[in-house]
Amino acid sequence: FTTNTIKVMGDLHTPVTLYLKIRDAFPQSALLESSDYHSNENSKSFIGLQPIANIDINNGEVLEVLPDGTHHTAMLSDTYTISEAVTRYMSKFEISGQNSDVFGLFGYTTFNCVKYTDNIKIKESKEDRNDAPDMRYILYKILMVFDHQNDELTLVELLADGEESKLSKVESLINARNFASYNFHKDGDEWSTISDE
């Protein structure tokens with residue numbers, strides 16, 4: 001991939017307000033907001049739009065999904081660890097161009113991943129409605145990068161050869177004056193996967 005970059009005035013927007021504007025147009029968007037605006041090194045927030053690839057680990061199985069839609073699976077072992085799986089996966093991507101250094105994998109690692117690195121018993125649970133992986137990291141096609149120290153907003157997208165930019169669509173959503181709001185509520189009881197054994 002090569003990058004395509006646009007800078008936008010950043011002092012008129014917050015990460016949360018922009019996330020609310022774009023989340024319906026770009027399902028599976030992610031907001032990673034910095035709460036430390038006081039130092040240069042940690043003063044960036046990110047919104048990832050349009051997932052194009054991901055690596056999941058669940059029940060000891062590694063699932064790699066590549067931008068062309070192909071899937072690869074393998075089981076974790078003593079020689080094929082979580083760090084080995086993620087390192088191999090990242091080596092499959094080559095990104096060049098301005099601001100290419102902001103791209104990487106964004107996602108989460110749950111506490112349940114401790115069972116792959118330490119001898120700690122975790123009570124497994126499976127819900128048909130929501131069986132989230134123990135670990136998921138995503139490569140996004142478009143990143144909105146907020147530099148809070150300099151009040152700058154940079155839009156960066158990954159383009160394959162011959163592919164057209166979608167940043168004009170993102171810009172029009174940024175300039176929109178309204179966004180949808182939704183109510184949230186708790187569904188079910190609180191519980192833990194930590195075993196009493």
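Please read all numbers here as calculations on a predicted model, not as lab measurements.
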Would a distance-only check, ignoring hydrogens and angles, find a side-chain to backbone donor-acceptor pair under 3.5 Å from Asn175 to Glu171?
-> yes

Side-chain heavy atoms under 4.5 angstrom apart, residues restricted to Ile, Leu, Val, Met, Phe, Trp, Tyr: same cluster for Val62 and Ile82?
-> yes

Pro133 side chain reached by Tyr108 side chain, heavy atoms, under 4.5 Å | yes

So, Ser29 and Tyr140: side-chain donor and acceptor under 3.5 Å apart, yes or no?
-> no

Output, in order, the C-alpha distance, side-chain angles, deciding distance and verdict of side-chain contact (heavy atoms from CB on, under 4.5 Å) for Lys115 and Asn112.
-> CA-CA 6 Å; Lys115 67 188 170 199; Asn112 288 357; 4.3 Å; yes

Could you walk me through whether Phe93 and Leu66 pass the side-chain contact (heavy atoms from CB on, under 4.5 Å) check?
-> CA-CA 9 Å; Phe93 300 100; Leu66 297 171; 4.1 Å; yes

Would you say the side-chain atoms of Thr17 pair up with the backbone N or O of His13, donor to acceptor, closer than 3.5 Å?
-> no

What distance separates Lys169 NZ from Ile22 CD1, expressed to the nearest 0.5 Å?
-> 10.5 Å

Looking only at heavy atoms, what is the nearest atom pair of Ser165 and Leu167, with distance?
-> OG-N, 3.1 Å

Quick check: does any side chain N or O of Thr3 sit under 3.5 Å from a backbone N or O of Gln98, one acting as donor and the other as acceptor?
-> yes

OG (Ser100) and CD (Glu94) are apart, to the nearest 0.5 Å, by 10.0 Å

Do Ile142 and Leu159 sit in the same hydrophobic cluster, where Ile, Leu, Val, Met, Phe, Trp and Tyr count as joined when their side-chain heavy atoms come under 4.5 Å apart?
-> no

Ile174 side, atom CD1; Leu153 side, atom CG - distance, nearest 0.5 Å | 5.0 Å

Correct closest heavy-atom pair for Asn58 and Ala132 would be OD1-O, 3.9 Å

Establish whether Met90 and Val102 are linked, either directly or via other cluster members, by ILVMFWY side-chain heavy-atom contacts under 4.5 Å.
-> yes

Does Lys141 come within less than 4.0 Å of Glu163, counting only side-chain N to carboxylate O?
-> yes

State whether the number of non-hydrogen atoms from other residues, nucleotides or ligands found under 6.0 Å of Lys166 atom NZ is greater than 12.
-> no

So how far is it from Leu20 CG to Leu173 CG, rounded to the nearest 0.5 Å?
-> 12.5 Å

Side-chain contact, heavy-atom cut-off 4.5 Å: Ile52 with Phe1?
-> yes

How about Gln28: does its CD atom have over 12 heavy atoms from other parts shown lying under 6.0 Å from it?
-> no

Is a side-chain donor or acceptor of Tyr116 paired with a backbone partner of Asn59 at a separation under 3.5 angstrom?
-> yes

Could you give the distance from CZ (Arg136) to CG (Asn54), rounded to the nearest 0.5 Å?
-> 5.0 Å

Say whether Phe146 and Leu155 are linked into one hydrophobic cluster, either directly or through other cluster members, by side-chain heavy-atom distances under 4.5 angstrom.
-> yes

Using the side-chain hydrogen bond (donor to acceptor under 3.5 Å, both in side chains) rule, take Asp68 and Thr70 through it: C-alpha gap first, then chi angles, then the decisive distance, then the call.
-> CA-CA 6 Å; Asp68 64 2; Thr70 58; 2.7 Å; yes

Check each of Asn4, Thr5, Thr2 against Glu157 using the side chain to side chain donor-acceptor pair (under 3.5 Å) test, and report the only one that passes.
-> Asn4

How far apart are the closest heavy atoms of Tyr80 and Ala74, and which atoms are they?
-> CE2-CB, 3.8 Å

Rounded to the nearest 0.5 Å, the CG atom of Leu105 sits from the CE atom of Met135 at a distance of 8.5 Å

Do any N or O atoms from the side chain of Ser45 and from the backbone of Glu33 form a donor-acceptor pair under 3.5 angstrom?
-> no

Close side-chain approach of Thr154 and Val8, heavy atoms under 4.5 Å | no

Taking only Lys NZ, Arg NE, NH1 and NH2, and the carboxylate oxygens of Asp or Glu, determine whether Lys7 and Glu152 approach each other closer than 4.0 Å.
-> yes

Under-4.0 Å salt bridge between Arg88 and Glu64 | no

Consider only side-chain heavy atoms of I, L, V, M, F, W and Y, link residues closer than 4.5 Å, and tell whether Leu32 and Val170 are in one cluster.
-> no

Side-chain heavy atoms of Phe103 within contact of Leu143, under 4.5 Å | yes

Could you give me the CA-CA distance, side-chain angles and deciding distance for Thr109 and Tyr137, then say whether side-chain hydrogen bond (donor to acceptor under 3.5 Å, both in side chains) is met?
-> CA-CA 8 Å; Thr109 302; Tyr137 284 93; 2.7 Å; yes

Quick check: does any side chain N or O of Tyr89 sit under 3.5 Å from a backbone N or O of Val65, one acting as donor and the other as acceptor?
-> yes

Would you please test Phe46 and Phe106 for ring pair (Phe, Tyr, Trp, His ring centres under 6.0 Å) and show each step?
-> CA-CA 9 Å; Phe46 299 87; Phe106 294 89; 5.4 Å; yes

Does any non-hydrogen side-chain atom of Leu139 lie less than 4.5 Å from one of Leu158?
-> yes

Under the side-chain hydrogen bond (donor to acceptor under 3.5 Å, both in side chains) test, which residues partner Ser77, sequence neighbours left out?
-> Thr79

Exam field: side chain His71 to backbone Gly69, donor-acceptor pair closer than 3.5 Å | yes

